[in-house]
There are 2 protein chains.
Amino acid sequence: MATLQDRALVEQWRGIQTTYFRTAAAIDRALESKFSIGLTEFEILDLIAESADAACRMKQLGERTPMTQSAMSKVVDRLEKAGLISRHSCEDDRRSLFLELTDAGCALHRDAAVEHRALLKENLA
Amino acid sequence: MATLQDRALVEQWRGIQTTYFRTAAAIDRALESKFSIGLTEFEILDLIAESADAACRMKQLGERTPMTQSAMSKVVDRLEKAGLISRHSCEDDRRSLFLELTDAGCALHRDAAVEHRALLKENLA
DNA sequence: TGTCATTCAATGACGCGTCATATAAATTGA
DNA sequence: TCAATTTATATGACGCGTCATTGAATGACA
């Protein structure tokens with residue numbers, strides 16, 4: 001039975017959903033209008049920027065985000081077409097790809113990150 | 001600057017995302033395989049079931065979920081086609097619709113809710 | 001070394017959500 | 001009472017994510 005506990009769980013879950021949707025929508029709109037990229041694209045840029053010095057394998061990125069491998073592949077496509085990152089195939093294992101921010105990608109990330117953090121602060125507080 | 005605070009915000013946000021995606025995916029798969037409905041469909045059933053005695057306007061539902069009006073309309077479509085709910089136009093205001101669970105919808109909700117709560121418990125603990 | 005299994009990434013078909021609009025009904029106010 | 005506005009829902013075009021599959025490279029091991 002445990003109906004009371006169930007109610008609490010459902011409330012908690014709805015809270016998470018609401019926070020997630022509200023925040024994601026706010027960031028997405030802002031990034032889209034100011035930088036012409038979506039939240040997903042930014043998140044990949046952000047992950048690449050974090051592993052700054054080491055070049056960054058797609059596989060590794062996949063482990064640090066809830067995104068699907070397939071989704072990743074398509075986001076990376078878009079980012080490459082937008083000139084924000086470049087793909088380099090790995091010498092040691094030619095199945096792997098290294099990703100790197102282009103100068104444009106680096107600059108855009110720097111600016112977009114400010115907006116991103118500000119909106120997180122506003123929505124998660 | 002506030003780089004440290006920013007890191008904390010980003011971590012918090014990623015935690016929310018991970019929890020959200022992991023939980024949603026788990027519930028969605030389970031409901032899909034056992035009851036042939038998605039998480040979104042279940043959530044609407046759940047909301048209708050909550051406003052048990054009073055018939056339930058779409059508008060009201062919209063206020064209790066982060067879903068778009070458009071999304072709602074389509075989910076309700078699917079639920080109706082699946083024979084789980086019925087739409088009744090309102091006499092007082094013929095723009096509004098009342099939603100009601102069918103017997104099948106009611107039974108399915110009862111069973112699916114057990115699964116739903118169990119997975120919430122498992123994932124949000 | 002040759003086969004079989006495994007791993008990394010890309011792709012096509014498909015479903016769902018979103019945006020912008022449409023439709024229809026109700027409300028407002030001159 | 002008749003426009004103009006607002007409100008409730010539906011719909012079509014479109015983009016993105018997912019699933020299943022493919023292609024290509026590597027690994028395992030007899």
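So you know, we letter chains A, B, ... as the sequences are listed, proteins then strands, and number each from 1. What you see is a predicted model; the values in this text were computed from it and never measured. Hydrogens, waters and symmetry mates play no part in the numbers below; they use all other heavy atoms, side chains included.
For B:R57, the salt bridge (Lys or Arg N to Asp or Glu O under 4.0 Å) test picks out no residue, with sequence neighbours left out. When the side chain to side chain donor-acceptor pair (under 3.5 Å) test is applied to A:D28, no partner is found at least two apart in sequence or on another chain.
Considering all non-hydrogen atoms of both residues, B:L31 and B:L39 come closest at CD1-CA, 4.2 Å. Across A:E115 and A:A30, no two heavy atoms sit closer than the pair OE2-CB, 3.9 Å.
Across the protein-nucleic acid pair, B:D28 atom CG and D:dC19 atom C1' stand 13 Å apart, rounded to whole Å. The interatomic distance linking B:K74 (NZ) with D:dG12 (C1') rounds to 7 Å, in whole Å.
Ring geometry for B:F42 versus B:H116: interplanar angle of 30 to 60°, hence tilted.
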- [ ] Decide salt bridge (Lys or Arg N to Asp or Glu O under 4.0 Å) for B:E122 and B:R22; before the verdict, give the C-alpha distance in whole Å, the side-chain angles of both, and the deciding distance to 0.1 Å.
- [x] CA-CA 11 Å; B:E122 196 174 302; B:R22 189 168 29 73; over 6 Å; no
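Protein chain B contacts DNA chain C from C:dC16 to C:dA26, reading 5' to 3' and using non-hydrogen atoms of the protein with a distance under 4.0 Å.
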What donor-acceptor contacts under 3.5 angstrom involve side-chain atoms of residues 96-112 of chain B, with partners at least two apart or in another chain?
{"residue": "B:E100", "atom": "OE1", "partner": "B:H88", "partner atom": "NE2", "Å": "3.1"}
{"residue": "B:T102", "atom": "OG1", "partner": "B:G83", "partner atom": "O", "Å": "2.7"}
{"residue": "B:T102", "atom": "OG1", "partner": "B:L84", "partner atom": "O", "Å": "3.1"}
{"residue": "B:T102", "atom": "OG1", "partner": "B:A104", "partner atom": "N", "Å": "3.4"}
{"residue": "B:T102", "atom": "OG1", "partner": "B:G105", "partner atom": "N", "Å": "3.0"}
{"residue": "B:H109", "atom": "NE2", "partner": "B:D46", "partner atom": "OD1", "Å": "2.6"}

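Heavy-atom distances under 4.0 Å link DNA chain C to A:Q69, A:S70, A:S73 of residues 66-73 of chain A, given in residue order.
The environment of B:R29 atom CZ is sparse: at most 12 non-hydrogen atoms of other residues, nucleotides or ligands sit within 6.0 angstrom. Within a 6.0 Å sphere centred on CD of B:E91, other residues, nucleotides and ligands contribute 12 heavy atoms or fewer. For CZ of A:R87, the number of neighbouring non-hydrogen atoms (other residues, nucleotides, ligands) closer than 6.0 Å is greater than 12.
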Please list, pair by pair, any protein nitrogen or oxygen found under 3.5 Å from a nitrogen or oxygen in nucleotides 5-8 of chain D.
{"residue": "D:dT7", "atom": "O4'", "partner": "B:R95", "partner atom": "NH1", "Å": "3.4"}
{"residue": "D:dT7", "atom": "O2", "partner": "B:R95", "partner atom": "NH1", "Å": "2.8"}
{"residue": "D:dA8", "atom": "OP2", "partner": "B:K59", "partner atom": "NZ", "Å": "3.0"}

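Comparing A:F21 and A:R87 along DNA chain C, the residue whose closest nucleotide (by nearest heavy atom) sits nearer the 5' end is A:R87.
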